[in-house]
Every structure is written in structure tokens, then in C-alpha cells.
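Everything on this sheet refers to the single structure shown next.
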Amino acid sequence: MITAVIFDMDDTLIAWAESDLDWAAIERAHLRGVIDYLTREGLAAPDFEHLAEVMEVRTQAAWHSADITLIAPHLGHVLVAALIECGIPAGRIDERACLRAYGWNGLPGVHAFPDAAPALRALRARGLRLGLLTNAFVPMWMRDRELADLGLSPDLFMSRVSSADVGYLKPHPAPFQRVLDGLLAAPEETVFVGDNLRADIGGARQIGMKAVLRRSADQEPPSLDGPLAPHASLTSLAELLPMLDEWEKDSKQSTVDS
Ligand SMILES: [Mg+2]
């Protein structure tokens, strides 16, 4: 019996496709906040252009090696290392204060899929426990702000995990286990919904969950064979609850038949 549903965040609950973001400009605006904070603290703030350059190189390096190692990059750790490289004494750097100064929120053009909030509420009303697992560069407390800005209350989810807080990215089993622990759920009674075959579907299947692919209407339905094959796919989250009901009926029927 399914008792919990875990969602990926980006391109599963939140739509990025229509956004056209200048990431370099966004990053620079956030770094200005850090420089202002350091100045307020009486520290000799590093040269802005130098810090921006060091951050870019370190961020790219962290994601590049993560592709192979699945070790999750963490904005706070990268930022602290960059500040040290720029000459700020390590003992004077408060990572959490730097992240608060960096700031994080919903971005222009990014929105929650219109089917997300109604589907989440319907699943909760059915008594299912909800979780969220994101391969994110920022810790979950920062993504919580983003969820709230996008109209998806973090309180909808009993367990929310960012890979940055765990140290490993999906499809590594560690972040899946962390979110399951928060839900007090076993993998066999859990469904994972995500848009990425390797990270979401492969990772969820490997740990023993049922895996559902969220795809856009113009994407071909996936093959339902092989280690990265989902158990099902859907183009709207409104299809999820009827799908779970159907599975429940089938599993009751197969118990009766045997
Ligand atoms: Mg995703």
C-alpha cells in the first residue's frame, strides 16, 4: 500500500522552461549582498570582480566533478572557500550569515506548475505523506523561501531535503534515504515523481520505490523497460491520484487472485 509520495522540485513542481534568466547577473546581484554584509562586519571586503570570478570557477569545478562523483556541491561551502581564496580570514567567516546575505527567493519567469498545488492538496487530503527531494546547490532552508514565494507552502511536505544538506546528489541512495527517514516510510510504500530519468527514476528504482516520470506533453512516452524505466509517466500531476487508486485496486485484486 502506498503511504507516501516524494516529489522532485525543478521541472516537476516548478516550471523553468519559460524563464530566460541571466544567471551571471543573478549571481552577481547575490554576491553584492555578501560584499555589503562583509563591509558591515568591518571586514576588508574582497574586490567584487575577483570574488565573482573565483566563485564562477569554483562553482563550475564543483558541478563538473559532481557529475562523476555524485558529491553534492553546496553554495555555502563554495562561497566560504572563495572568500578564503580572496583573503578573508577563515575564522571570521560565518557561513550561514554569508548565505543569508547572499539571499535566495523565487526568480522572475519561474512559477509553480498550475497543477502542483491542487495535486499536493488532494494527496494530503487522501492521507498520504508528502516529501520533496531536490538536487540543489543551496540548502533546503533557502529553497523553502523559494517554495513559499512560488505559492507552494513548505508545510505541505512532511520531509524536505536538498542534496546540498546530505552531501550526495540523486541518484545516490543517501538523499533518498534521508527524505524517507523524515517521512517514516519504507521505499516499497513510496512513490517518487520526477522529470529526470537518471537522477529521479533510476535513483528511486534503485532504492526500491515506485517511480513516475513527469514529462511535458510534447515529450514521447518513455520506454517502460530497463533500469531507468519509470513504472508510469504522466503529463499532469492531476493524473497522479487516479493512478495511485488504480494501482491500489490492482494490488488488492492480485492479492485476492493469489
Ligand atoms: Mg527536476
Side-chain angles (χ1 to χ4, degrees), residues 4-21 23 26 59 62-63 66-67 70-75 104-107 109-117 119-120 123 130-140 142-152 154 156-157 159-166 168-180 190-207 209-222 227-240 243:
V5 183
I6 303 171
F7 291 87
D8 162 56
M9 190 163 161
D10 298 311
D11 292 318
T12 297
L13 296 176
I14 290 173
W16 288 85
E18 290 156 34
S19 66
D20 181 18
L21 298 167
W23 280 106
I26 291 167
T59 301
W63 281 106
D67 217 24
L70 293 182
I71 291 173
H74 187 302
L75 172 66
W104 195 252
N105 42 32
L107 291 162
V110 181
H111 58 87
F113 284 112
D115 56 20
L120 295 172
L123 293 163
L130 303 187
L132 186 145
L133 176 55
T134 172
N135 265 0
F137 190 32
V138 299
M140 198 63 227
M142 293 173 84
R143 292 226 81 180
D144 278 351
R145 291 181 176 181
E146 201 180 333
L147 283 171
D149 280 352
L150 297 172
L152 295 176
L156 286 165
F157 305 94
S159 176
R160 304 181 304 282
V161 172
S162 164
S163 57
D165 292 318
V166 180
Y168 286 98
L169 294 163
K170 297 175 282 183
H172 193 284
F176 286 94
Q177 194 56 57
R178 180 76 66 88
V179 71
L180 281 173
T190 305
V191 171
F192 194 96
V193 184
D195 68 296
N196 185 289
L197 286 176
R198 179 187 176 220
D200 297 323
I201 305 303
R205 289 204 59 155
Q206 184 176 260
I207 201 168
M209 294 176 186
K210 277 214 186 280
V212 174
L213 181 75
R214 175 171 198 151
R215 62 186 170 86
S216 58
D218 55 7
Q219 245 175 315
E220 289 283 311
L228 298 184
H231 293 91
S233 77
L234 44 75
T235 56
S236 164
L237 295 175
E239 298 166 46
L240 187 58
M243 183 184 281

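For ligands, and for the atoms within them, numbers begin at 1 and follow the listed sequence. Please read these numbers as outputs of a predicted model, since none were measured by experiment. Here, residue 1 is the first one in the sequence, and each next residue gets the next number.
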How would you list, by chain and number, every residue that makes a salt bridge (Lys or Arg N to Asp or Glu O under 4.0 Å) with Asp10, sequence neighbours excluded?
Arg143
Excluding waters, which protein N, O or S atoms are within less than 2.8 Å of the Mg ion (ligand 1)?
Asp8 OD2, Asp10 O, Asp195 OD1
Does the His231 side chain pair with the main chain of Ala211, one donor and one acceptor, at a distance under 3.5 Å?
yes
When you measure from the side chain of Ser162 to the backbone N and O of Val138, does any donor-acceptor pair fall under 3.5 Å?
yes
Do Ser159 side-chain atoms and Gly131 backbone N/O form a donor-acceptor pair below 3.5 Å?
no
Stepwise, does the side chain to side chain contact (heavy atoms under 4.5 Å, CB included) test hold for Asn196 with Lys170?
CA-CA 10 Å; Asn196 185 289; Lys170 297 175 282 183; over 6 Å; no
Check the angle between the aromatic planes of His172 and Tyr168 and answer parallel, tilted or perpendicular using the 30° and 60° thresholds.
parallel
